[in-house]
Participant: 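One structure, pasted below without further comment.
Only a predicted model underlies this, so the values are computations on that prediction, with no experimental measurement involved. Whatever order the structure lists ligands and atoms in, that order sets their numbers, starting from 1. What's counted below: heavy atoms across the whole structure, side chains too, no hydrogens, waters or symmetry copies.
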Amino acid sequence: MASLVDGFGRSFPYLRLSLTEACNFRCSYCLPDGYQANGRPSFLGLDEIRHLLRAFAGLGMRKVRLTGGEPSLRKDLPEIIAIAASTPGVRKVAMTTNGCLLLSKVRQWREAGLTALNVSVDSLDPQRFHAITGHDRFDEVMAGVDVALGLGFDAVKLNAVLLRGRNDDELPQWLDFLRERDIAIRFIELMRTGDNHAYFERHHVRADTLQRQLQDGGWTLTPRAADAGPALEYRHPDYRGRIGIIAPYSKDFCAGCNRLRVTARGDLRLCLFGEFGIPLRPLLQSDDDHEALMGRIATQLGLKAAGHGLHQGNSGITPHLASIGG
Ligand code: SAM
Ligand code: SF4
């Protein structure tokens with residue numbers, strides 16, 4: 001049977017599925033002018049998602065992350081979560097959200113089968129949060145995080161993009177935050193995309209500076225699970241919380257790649273910064289195409305490159321991460 005292994009021996013148990021390109025936030029590194037719809041886009045529907053997940057799971061995918069754009073803007077999100085959770089073979093259903101609907105909806109998502117949650121919180125300072133995201137909603141998002149922490153998720157994690165001059169001085173506040181909380185924070189190194197060149201030049205800060213600070217402070221690196229995300233995770237005996245670093249510019253980042261992406265319009269993307277998408281949508285319309293769909297995914301995987309071209313300033317066809325499912 002075909003399986004998800006590429007020409008470099010990497011396997012792909014982890015799928016990131018974008019549910020929408022739309023977003024209500026205006027994060028300064030992603031959609032600074034807000035989401036601009038291009039025509040009337042039609043994103044994958046429930047049956048298409050069911051067919052897609054069945055095919056990936058048949059090829060060995062065990063974890064799916066729902067992302068976007070902002071996935072919680074989909075009215076049918078609970079149904080999508082339930083489809084993912086009931087796909088034979090799928091063991092983990094995670095979601096990345098800006099947290100705008102967490103407070104009112106997270107219980108419903110958990111009941112539908114969501115097992116893990118990442119919430120983007122770029123700063124612990126409400127004013128800075130407002131300045132970065134365009135929304136004065138820090139307290140509301142954090143209240144939602146507190147509710148989520150009581151719902152028995154396998155993991156609740158926060159994501160913060162490291163930004164020079166905006167939030168790169170907040171490690172002491174994060175350490176206070178993590179001391180008593182069973183939560184993980186992922187610091188993500190800012191990635192250059194098609195639309196953010198000038199912003200990247202101003203605000204990019206290398207993650208290894210932070211890694212050195214952590215190591216000097218007694219934080220130690222923990223082993224990585226096969227279906228884990230891209231973060232290097234650190235622990236410290238004096239803290240309940242954990243710290244992850246996502247460093248896409250680091251030497252071995254692509255060697256550990258274990259994930260594929262499908263856009264909200266049904267294109268398979270072999271790399272976040274690849275040069276092309278492979279349309280799967282024509283094969284998502286009927287159960288009869290199940291074998292052909294698995295065949296297309298497995299064959300296309302042979303085209304996955306060893307690594308991205310970010311070091312050469314090449315971010316492929318990705319204008320911003322909302323377009324592909326970051
Ligand atoms: N809207 C959701 C959210 O913000 O959590 C999900 C989609 S968003 C594109 C997924 C993650 O990508 C977020 O944590 C966001 O901060 C991160 N992100 C977006 N643009 C980025 C960039 N240029 N570099 C690094 N991370 C980025
Ligand atoms: Fe929206 Fe997420 Fe992009 Fe922020 S990072 S603009 S919340 S898609």
Participant: Should the heavy atoms of other residues, nucleotides or ligands under 6.0 Å from CZ of R91 be counted, would the total exceed 12?
Facilitator: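 Result for CZ/R91: open.
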
Participant: Would you call R206-D168 a salt bridge at under 4.0 Å N-O?
Facilitator: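 Salt bridge: no.
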
Participant: For the ring pair F200 and H197, is the centre-to-centre distance below 6.0 Å?
Facilitator: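 No, too far apart.
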
Participant: Would the Y199 and H204 ring centres measure less than 6.0 Å apart?
Facilitator: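 Centroid distance Y199-H204: not below 6.0 Å, so no.
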
Participant: Just checking, is any N or O donor in the side chain of D122 or Y29 under 3.5 Å from an acceptor N or O on the other one?
Facilitator: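 D122 vs Y29: donor-acceptor pair found between side chains.
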
Participant: Could you enumerate the protein N, O or S atoms under 2.8 Å from atom 3 (Fe) of ligand 2, written like residue then atom name?
Facilitator: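 Only C30 SG fall inside 2.8 Å of atom 3 (Fe) of ligand 2.
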
Participant: Would R281 and S42 count as having a side-chain donor-acceptor pair, cut-off 3.5 Å?
Facilitator: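 Yes, S42 and R281 have a side-chain donor paired with an acceptor closer than 3.5 Å.
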
Participant: Tell me, yes or no, whether the heavy-atom count around D216 atom CG, taken from other residues, nucleotides or ligands under 6.0 Å, exceeds 12.
Facilitator: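 Atom CG in D216 is crowded, with more than 12 foreign heavy atoms closer than 6.0 Å.
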
Participant: Distance under 4.0 Å, heavy atoms only, partner ligand 1: which residues pass?
Facilitator: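 Residues within 4.0 Å of ligand 1: Y29, C30, T67, G68, G69, E70, T96, T97, N98, S120, N159, V161, I188, E189, L190, M191, N196, L321, G326.
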
Participant: Less than 4.0 Å between a side-chain N and a carboxylate O, is that true for D287 and R54?
Facilitator: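 Judged by the 4.0 Å cut-off on N to carboxylate O distance, R54 and D287 do form a salt bridge.
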
Participant: Is it true that R242 and D182 have a side-chain N and a carboxylate O under 4.0 angstrom from each other?
Facilitator: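 Looking at D182 together with R242, the answer is yes, because their closest N to O distance falls below 4.0 Å.
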
